[in-house]
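Hydrogens, waters and symmetry mates are skipped; everything else that's a heavy atom, side chains included, is used. Bear in mind the structure is a predicted one, so any value in this text is a computation, not a measurement. When a ligand or atom number is given, it counts from 1 through the structure's own listing order.
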Amino acid sequence: MSRRTVVVIGATGSQGGPVARELLQSPELYHVRALTRDPSKPAAQELAELGAEVQAFDLNAGIDALLRAFTNADAVFAMTDFWATRSAQAEVIQGRTIIDAAAQTSTLEHFIWSSLPDPEKVSGGILKNIHHWKSKSLVADYIQQQYPGLWGKTTVVLFPNYFENCLSHPQRYLSQPDAQGVYHMYLPHSPSTVMPNGSIRDTGKLVRLILEDGATYFTKTVAFYSEAMSEAEKQAMIGKKYGLQTVYHVISPDEHQKKLESQGLSPEIALDYTEQLLMFEKFGNVCDAAGIIQAKEISGLCLQSWAEFLEENDILANMKAV
Ligand SMILES: NC(=O)c1ccc[n+]([C@@H]2O[C@H](COP(=O)([O-])OP(=O)(O)OC[C@H]3O[C@@H](n4cnc5c(N)ncnc54)[C@H](OP(=O)(O)O)[C@@H]3O)[C@@H](O)[C@H]2O)c1
């Protein structure tokens with residue numbers, strides 16, 4: 001195999017970082033072009049030290065910036081960050097510009113799009129407010145509808161609920177202790193409602209495998225998660241590990257919405273987030289649908305479990321830090 005140039009959008013972030021770092025372990029196979037708005041930031045410097053070509057780039061700078069970033073690219077890992085703008089419209093514009101540039105990049109052999117399911121399609125039109133899923137799914141549709149040639153070499157990856165969310169946002173993802181030291185979790189889910197979960201650090205392994213098996217994954221959608229688990233089960237495992245008493249409370253969607261608003265989220269974002277949880281309550285694990293490849297079933301790919309994640313991370317320190 002000749003050395004391939006892989007462009008990683010979001011290379012300083014949770015998704016793109018592991019992709020860049022994984023490929024940088026094989027410099028004889030991969031030249032990694034890591035894109036960031038700020039090449040001087042520590043995460044970008046670290047990639048440069050590992051051998052990446054770090055390029056300054058802003059997704060809002062238009063198609064010419066993307067065409068420059070994609071020059072001679074053999075493959076692209078592309079993502080957009082809804083939370084940077086909290087605007088589905090902005091995310092769709094960024095995504096479509098990426099696609100327009102990818103379609104014009106004659107050297108491109110493989111395009112990987114970080115996505116989520118179309119919430120309206122999978123809920124039969126019931127859940128209309130999960131904007132950060134819808135925007136990504138519209139971009140996936142755009143590839144298929146506008147650029148059949150690009151679609152022919154595209155893999156769509158549906159991302160999981162990151163295990164790491166409990167480290168980055170403990171207030172939202174971990175139980176809170178009361179004065180008696182009992183830990184409480186409040187969600188609009190029955191305790192048996194499962195969601196696709198996984199360690200975002202495994203993105204690197206998965207993307208490498210997809211790149212290396214190439215054509216097997218063209219036009220395919222891959223659901224990336226190691227375990228379909230309920231938050232109640234995750235909470236109980238934390239309780240067991242640390243010998244804590246935990247209680248799981250089912251609250252109404254309205255109560256959940258108000259809780260998020262009290263934590264500073266806008267009503268629109270709180271609804272987006274609440275409906276995302278209701279998706280799994282009402283429609284089950286929507287990532288485990290016919291025609292979607294399940295990453296956890298790919299032979300040779302070992303994805304971290306929640307039990308392993310708990311072994312590796314001091315969750316209790318985060319619970320106390322809230
Ligand atoms: N958290 C979850 O459980 C979860 C689950 C599924 C999907 N997602 C999706 O994951 C996405 C966030 O990805 P992440 O977790 O990797 O976020 P992250 O760790 O916050 O990183 C965001 C990355 O996006 C880059 N970026 C943002 N705006 C940019 C711009 N205008 N131009 C160029 N680069 C830009 C940043 O690069 P620089 O700052 O270096 O420029 C950074 O590398 C969101 O769209 C979210 O919906 C999250």
Electrostatic pair K296-E227, nearest N-O below 4.0 angstrom
no
Ligand 1: which residues have a non-hydrogen atom closer than 4.0 Å?
G10, A11, T12, G13, S14, Q15, T36, R37, K41, F57, D58, L59, N60, M79, T80, D81, F82, W83, E91, Q94, L116, H132, K136, F159, P160, N161, Y162, N165
Are any side-chain N or O atoms of N313 and backbone N or O atoms of F309, one a donor and one an acceptor, separated by less than 3.5 Å?
yes
May I ask you to check whether over 12 heavy atoms, not counting those of K240, lie within 6.0 Å of atom NZ?
no
Taking the side chain as C-beta and beyond, is there a heavy-atom pair between T193 and S230 under 4.5 Å?
no
Please check if any side-chain donor atom of N197 sits under 3.5 Å from a side-chain acceptor atom of N161, or the reverse.
yes
We want to know whether S199 and E164 form a side-chain donor-acceptor pair, criterion being a heavy-atom distance below 3.5 angstrom.
yes
